[in-house]
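Notes follow the structure.
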There are 2 protein chains.
Amino acid sequence: MTSKQEFIEKLRNSSLRPTKQRINICEVLFNRDKTFHFTINDLFNLIKDKTGEKVSLATVYNTVHAFHRKGYLKEIPINSNQTYFDTNVTDHHHFFDVKEEKLIDLKNEDVGPIEIQKSIPGKKIKSVEVLVKLED
Amino acid sequence: MTSKQEFIEKLRNSSLRPTKQRINICEVLFNRDKTFHFTINDLFNLIKDKTGEKVSLATVYNTVHAFHRKGYLKEIPINSNQTYFDTNVTDHHHFFDVKEEKLIDLKNEDVGPIEIQKSIPGKKIKSVEVLVKLED
DNA sequence: TCGTTGTTTATAATTATTCTAAAGAAGATT
DNA sequence: AATCTTCTTTAGAATAATTATAAACAACGA
């Protein structure tokens with residue numbers, strides 16, 4: 001259970017003004033035990049449900065992007081009509097249940113180390129992500 | 001160099017009528033040495049350039065989806081505003097040059113075998129794909 | 001050649017996302 | 001606390017990729 005005060009400090013430290021909306025979004029995103037996978041639309045609806053207050057869709061977009069830039073959220077590469085984000089920003093991989101359109105975390109040890117044996121001159125590796133698609 | 005006749009047979013065998021448009025699309029997609037990564041828009045423009053004939057955007061969408069369903073094209077999971085496809089339908093992985101928005105094939109031996117140590121009851125693994133993002 | 005069925009096409013509709021500009025709130029300064 | 005500046009929120013418009021529609025057309029089999 002993270003307190004509202006901590007969110008306010010976290011926001012201030014990131015030079016983001018601690019507005020009511022951002023704090024509500026923090027509550028929904030970061031006040032949980034498990035990692036959380038979501039689309040903007042999921043989040044938009046959850047805010048209403050969980051906090052009782054409405055935040056405009058534009059603000060949800062703005063805030064998610066701000067948090068993403070600050071490194072508090074991770075974008076997950078899937079081909080889907082909607083973009084998925086993850087509150088777990090550590091290096092890790094995913095199952096994607098194609099039918100249910102649901103993401104499941106894979107621990108690094110579930111996949112094992114991945115060594116990329118090829119390099120492209122002038123470029124360096126930014127991330128290595130494994131996506132395991134699941135079917136019935 | 002694959003002949004037009006072979007494309008016609010390939011289409012017939014897939015219960016897709018060999019229309020002028022589909023054959024043109026085949027020429028652009030499959031008449032090449034190397035694997036080819038593209039977006040629908042890339043392809044739409046290439047058809048005009050390479051064959052001199054115009055195919056409507058709707059048909060490009062229809063055909064790419066038909067080929068994808070038949071297993072002649074592979075969709076590559078990246079978060080991008082556009083969907084990427086690949087003419088190499090074997091299991092393999094990708095570099096994605098974030099700045100240039102360009103995909104580069106990785107051979108399986110460039111990555112090594114990936115063993116997934118976790119399973120989800122009732123689900124089986126459909127595909128395992130590695131995306132390596134590159135930066136400067 | 002004719003009828004059936006599948007295909008193409010222009011265009012409209014849909015959907016996720018981004019942009020805009022005005023109103024509002026936070027923070028600093030006095 | 002009052003004021004000013006800067007940042008943020010918001011509704012709604014704009015954009016862009018994709019999908020749906022339905023009429024014209026082309027391929028196929030009889």
Side-chain angles (χ1 to χ4, degrees), chain A residues 4-5 7-28 37-48 51-70 72-73 75-85 101, chain B residues 4-5 7-28 37-48 51-70 72-73 75-85 101:
Chain A
K4 188 178 276 199
Q5 207 40 240
F7 292 136
I8 292 176
E9 276 159 38
K10 185 175 178 168
L11 287 165
R12 280 228 179 76
N13 292 338
S14 320
S15 38
L16 295 171
R17 287 188 183 168
T19 62
K20 188 159 50 78
Q21 291 87 341
R22 283 175 177 161
I23 295 164
N24 281 338
I25 292 173
C26 282
E27 302 271 9
V28 175
H37 302 115
F38 64 97
T39 65
I40 299 277
N41 216 53
D42 293 338
L43 180 55
F44 178 66
N45 292 316
L46 271 176
I47 294 164
K48 261 186 303 201
T51 71
E53 295 176 53
K54 197 208 162 206
V55 174
S56 79
L57 186 59
T59 299
V60 180
Y61 272 97
N62 288 340
T63 305
V64 167
H65 289 151
F67 286 0
H68 182 234
R69 274 192 303 275
K70 296 291 177 186
Y72 304 146
L73 291 174
E75 193 182 348
I76 303 172
I78 317 175
N79 281 117
S80 166
N81 47 333
Q82 286 177 90
T83 305
Y84 279 80
F85 291 91
E101 293 195 315
Chain B
K4 187 178 277 196
Q5 206 39 241
F7 292 136
I8 292 177
E9 277 160 38
K10 185 175 178 168
L11 287 166
R12 279 230 179 76
N13 292 337
S14 318
S15 39
L16 294 171
R17 287 188 182 169
T19 63
K20 187 160 53 77
Q21 291 86 342
R22 283 176 176 162
I23 295 164
N24 280 338
I25 293 174
C26 282
E27 303 269 9
V28 174
H37 302 114
F38 65 97
T39 65
I40 298 279
N41 216 52
D42 292 339
L43 181 56
F44 178 66
N45 292 317
L46 271 176
I47 294 164
K48 261 185 304 201
T51 71
E53 296 176 52
K54 196 209 163 205
V55 174
S56 81
L57 185 59
T59 299
V60 180
Y61 272 97
N62 288 340
T63 304
V64 166
H65 289 152
F67 287 1
H68 182 234
R69 273 193 304 275
K70 296 292 176 182
Y72 304 146
L73 291 173
E75 195 181 347
I76 304 172
I78 316 173
N79 281 117
S80 167
N81 45 336
Q82 287 177 90
T83 305
Y84 279 80
F85 291 91
E101 293 195 316

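Here is how names work: the chains are called A, B, and so on, in the same order as the sequence lines, proteins then strands, and each is numbered from 1.
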### A:Leu16 side-chain proximity, nearest of C:dC19, D:dT8, C:dT8
D:dT8
### Task
Tell me whether the OP1 or OP2 atom of D:dT10 has a side-chain N or O from A:Gln21 closer than 4.0 Å.
yes
### Query
Hey, is the side chain of B:Tyr61 poking within less than 4.0 Å of OP1 or OP2 on D:dT19, counting only N and O atoms?
no
### Residue-phosphate contact under 4.0 Å: A:Lys20 side-chain N/O, D:dT10 OP1/OP2
no
## Note on the structure
Of D:dT10, D:dA27, C:dT18, the nucleotide closest to the side chain of B:Pro18 is D:dA27
### Message
Side chain of A:Leu57, heavy atoms from C-beta onward: which of C:dT17, D:dA17, C:dT9 has the nearest atom to it?
### Response
C:dT17
### Query
Which one, D:dA27, D:dT10, C:dT8, comes nearest to the side chain of B:Ser56?
C:dT8
### Message
Using the side-chain heavy atoms of B:Arg17, tell me which of these nucleotides is nearest: C:dG6, D:dT10, C:dA26.
### Response
C:dG6
### Query
In this structure, are over 12 heavy atoms from other groups packed under 6.0 Å from B:Lys4 atom NZ?
no
### Query
Which value, rounded to the nearest 0.5 Å, describes the distance between B:Ile47 atom CD1 and B:Glu27 atom CD?
11.5 Å
### Message
I'd like to know if the side chain of A:Thr39 pairs up with that of A:Asp42 as donor and acceptor (distance under 3.5 Å, no hydrogens or angles considered).
### Response
yes
### Query
Across the strands shown, which category fits B:Asn41 at heavy-atom distances under 4.0 angstrom: base, sugar-phosphate, nothing?
nothing
### Task
For A:Thr83, report the nucleic acid contact type (base, sugar-phosphate, nothing); a contact means any heavy atom under 4.0 Å.
sugar-phosphate
### Task
Pick base, sugar-phosphate or nothing for B:Thr19, based on heavy-atom distances below 4.0 Å to the nucleic acid.
sugar-phosphate
### Message
Quick check for you: among C:dA16, C:dG27, C:dT9, whose closest atom lies nearest to any side-chain atom of A:Gln82?
### Response
C:dA16
### Message
With a 4.0 Å limit, can you tell me whether A:Arg22 has a side-chain N or O closer than that to the phosphate oxygens OP1/OP2 of D:dT9?
### Response
yes
### Message
For a quick test of reading the model: is some side-chain N or O of B:His65 closer than 4.0 Å to OP1 or OP2 of D:dT18?
### Response
no
